[in-house]
Amino acid sequence: MIKNVQDIVTLHNGVKMPQLGFGVFKVEGGSQTVESVKKALEVGYRAIDTAAVYKNEEGVGQAIRESGIPREDLFITSKVWNSDQGYESTLKAYEESLKRLGLEYLDLYLIHWPVKGKFNDTWRALEKLYKDGKVRSIGVSNFHVHHLEDLFANSELKPVIDQVELHPRLSHQELRDFCQKHEIKVEAWGPLGQGKLIEEPTLKHIADKHGKTTAQVLIRWHLQHDIVVIPKSVTPSRIEENAQVFDFELSLDEMNQIDSLNLNERFGADPDNFNF
C-alpha cells in the first residue's frame with residue numbers, strides 16, 4: 001500500500017508511475033490550468049494527466065517549466081483524440097501534443113476512446129512510438145473487456161493501463177479482474193463521481209468517523225483497491241486536501257460498505273455508445 005503522494009506502482013513494462021495523480025479534465029486552458037498544476041506540483045503530485053481534447057496541454061507544459069521540477073521526476077500522460085485516430089494521424093497527433101506541452105517525450109500516451117474501425121490502427125501507431133523510444137509507455141482509455149480482447153487479437157503489445165470512469169457507483173469488477181489477469185493497471189477518471197457522490201450518506205458517515213471529507217474517503221477507497229487514481233480540482237485547498245489521504249485507513253468492513261454502493265451507474269458516456 002502506498003504511503004505518500006509520490007509513491008509508485010510498477011507497470012508491466014517496468015516503468016514506474018505514481019498511483020495518485022492530478023487530472024485536468026474540464027480545467028480551462030491558460031491561467032487556470034497553469035495555477036492548478038503548479039499548486040498540485042507544489043503539494044507533491046508528480047503525475048499529471050491531460051489530453052489533446054482538453055485544450056490545456058500548453059498550460060500543463062507552462063506549469064511544468066515554471067515549477068522547476070526536473071522532467072525525469074514527473075510522469076506526464078496525454079491522449080489521442082477520436083478525430084485524430086488512425087495510423088498516420090495518430091503519429092502526427094502525438095508530435096502536436098509534445099509541441100503544445102513543450103516536452104520531448106511523454107511517460108504515457110493513451111487512446112482516448114475505442115473508435116470503432118480505427119482503434120486497432122491507432123494502437124499500431126502507439127506501438128511504433130513506443131518501439132521508437134518516443135514514449136515510455138502506452139495504454140488505452142474507456143475500453144471495455146471486449147475492446148481489449150479485440151486489441152489483443154490485432155496487436156503485438158498489451159496496454160499498460162486502461163483508464164476508465166470508475167467510482168463506487170461504477171466499480172467495474174469484471175473489467176478489474178480481467179485487467180489484473182493480463183497485468184494491465186486500471187486507472188480511474190471521475191473518481192469522485194463528478195461530485196455526485198460527495199453527499200452520499202454511507203460515505204459521509206465513514207468520512208465523519210475518520211475526520212475526513214467524502215472526497216478523501218473516495219480517493220482512499222481507490223488506492224486500497226490498487227487502482228491508479230487522478231482526482232481533479234481547481235480549488236487550491238481541495239488540491240491539497242485530495243493528497244492528504246495517507247494518515248488513515250479504511251477497514252475491511254468500510255471497504256465492503258463502499259463496494260456495496262455499486263449500481264453500474266455511469267455519469268459519463270458509455271464506451272459502447274458515444275457519438276463524439
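This structure is a prediction, so every number in the text was calculated from the model and none was measured.
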Could you report the tightest heavy-atom contact between P18 and I8, atom names first, then the distance? N-CG2, 3.8 Å
Run the salt-bridge test on K128 and D132 with the 4.0 Å N-O cut-off and return the result as yes or no. yes
Neighbour count >12 (heavy atoms, 6.0 Å) for atom CD, E127: yes
Is a donor on one side and an acceptor on the other found under 3.5 Å between the side chain of T77 and the backbone of D49? no
Could you check K79 against Y54 for side-chain hydrogen bond (donor to acceptor under 3.5 Å, both in side chains), going step by step and ending with a plain yes or no? CA-CA 10 Å; K79 311 174 193 82; Y54 300 168; 3.2 Å; yes
When you look at CZ of R238, are more than 12 heavy atoms from neighbouring residues, nucleotides or ligands closer to it than 6.0 Å? no
Q180 vs D226, side-chain hydrogen bond (donor to acceptor under 3.5 Å, both in side chains): CA-CA, chis, key distance, verdict: CA-CA 10 Å; Q180 186 174 12; D226 200 29; over 6 Å; no
Judged by atom type as modelled, is there a donor-acceptor pair below 3.5 Å linking the side chain of R169 to the main-chain atoms of R266? no
Is the shortest heavy-atom distance from the side chain of V37 to the side chain of Q62 under 4.5 Å? no
Can you tell me if NZ on K99 sees more than 12 non-hydrogen neighbours from other groups inside 6.0 Å? no
With a sphere of 6.0 Å drawn around NZ of K158, does it hold more than 12 non-hydrogen atoms of other residues, nucleotides or ligands? yes
Which atom names give the shortest non-hydrogen contact between F75 and V15, and what distance separates them? CE1-CG1, 3.8 Å
Rounded to the nearest 0.5 angstrom, the CG-CD distance for L192 and Q216 is 10.5 Å
Report yes or no: do L263 and V164 belong to one cluster of Ile/Leu/Val/Met/Phe/Trp/Tyr joined by side chain heavy-atom distances under 4.5 Å? no
One pair to check against side-chain hydrogen bond (donor to acceptor under 3.5 Å, both in side chains): T50 and E57. What are the steps and the verdict? CA-CA 6 Å; T50 184; E57 288 173 312; 5.2 Å; no
Side-chain (Q194) to main-chain (K196) donor-acceptor, under 3.5 angstrom: no
Between the main-chain N or O of Q163 and the side-chain N or O of S141, is there a donor-acceptor pair closer than 3.5 Å? yes
Single-linkage hydrophobic cluster W123~V135, side-chain heavy atoms < 4.5 angstrom: yes
With a 4.5 Å cut-off on side-chain heavy-atom distances among I, L, V, M, F, W and Y, is there a chain of contacts connecting V80 to F25? yes
Of the non-hydrogen atoms in P159 and H12, which two are nearest, and what is the gap between them? O-NE2, 2.9 Å
Heavy-atom neighbours of E28 CD exceed 12 at 6.0 Å: no
Okay, side chain of Q6, backbone of G44: is any donor-acceptor separation there less than 3.5 Å? yes
Does some side-chain heavy atom of F22 sit less than 4.5 Å from a side-chain heavy atom of L41? no
Is Y109 linked to V228 within one hydrophobic cluster, defined over Ile, Leu, Val, Met, Phe, Trp and Tyr using a side-chain heavy-atom separation of less than 4.5 Å? no
Does this structure show an ion pair linking E241 with K212, if we count only N-O contacts that are shorter than 4.0 Å? no
Ionic contact status for K118 with D121, cut-off 4.0 Å: no
Side chains of L101 and L106: does their closest heavy-atom pair fall under 4.5 Å? yes
Among side-chain atoms of H147 and N142, is any donor-acceptor pair under 3.5 angstrom? no
No-hydrogen, no-angle side-chain donor-acceptor test under 3.5 Å, D7 and N4: yes
Identify which one of F119, F274, F143 satisfies the ring-ring contact (aromatic ring centres under 6.0 Å, His included) criterion when paired with W113. F274
Output, in order, the C-alpha distance, side-chain angles, deciding distance and verdict of side-chain contact (heavy atoms from CB on, under 4.5 Å) for E249 and M1. CA-CA 10 Å; E249 191 168 340; M1 183 64 203; 6.0 Å; no
Do V160 and L108 come within less than 4.5 Å of each other through their side chains, counting heavy atoms only? yes
Please examine the side chains of K185 and M17, heavy atoms only from C-beta on, and report whether any two atoms are closer than 4.5 Å. no
Test of understanding: clusters of I, L, V, M, F, W, Y form through side-chain heavy atoms closer than 4.5 Å, transitively. Do V60 and V27 belong to the same one? yes
E88 and K92 ion-paired at < 4.0 Å: no
Would you say E187's side chain and I230's backbone share a donor-acceptor pair under 3.5 angstrom? no
Does Y45 use its side chain to pair, donor to acceptor, with the backbone of I239 at less than 3.5 Å? yes
Could you measure the distance from the CG atom of L166 to the CG atom of L170? Nearest 0.5 Å is fine. 6.0 Å
Separation between CG (L98) and CG (L103), nearest 0.5 Å, reads 6.5 Å
Would you say L129 and I138 make side-chain contact, with heavy atoms under 4.5 Å? no
Evaluate the ring planes of H112 and W81, with Trp represented by its six-membered ring, and classify them as parallel (under 30°), tilted (30 to 60°) or perpendicular (over 60°). perpendicular
Considering all heavy atoms, the nearest P114-P271 contact: CG-O, 3.9 Å
Are more than 12 heavy atoms, taken from residues, nucleotides or ligands other than K131, located less than 6.0 Å from that residue's NZ atom? yes
Taking R124 for its side chain and N120 for its backbone only, find out whether a donor-acceptor pair lies under 3.5 Å. no
Closest approach of H167 to G190 (non-hydrogen atoms, all atoms of both residues): CD2-O, 3.4 Å
Is there side-chain contact between L197 and T214, with at least one heavy-atom pair below 4.5 Å? no
L218 side chain reached by P191 side chain, heavy atoms, under 4.5 Å: no
Taking all non-hydrogen atoms of both residues into account, name the closest pair between S171 and N262 and its distance. N-OD1, 3.0 Å
Test item: side-chain donor near acceptor, H205 and Q257, under 3.5 Å: no
Parallel, tilted or perpendicular for H144 and H146, by the 30°/60° rule? tilted
Using a strict cut-off of less than 4.0 Å between a Lys/Arg side-chain nitrogen and an Asp/Glu carboxylate oxygen, indicate whether R71 and E104 qualify as a salt bridge. no
Return yes if some donor-acceptor pair links the side-chain N/O of N13 with the main-chain N/O of R136 below 3.5 Å, else return no. yes
Are R220 and D247 close enough for a salt bridge, meaning some N to O gap below 4.0 Å? no
Between the main-chain N or O of L157 and the side-chain N or O of Y130, is there a donor-acceptor pair closer than 3.5 Å? no
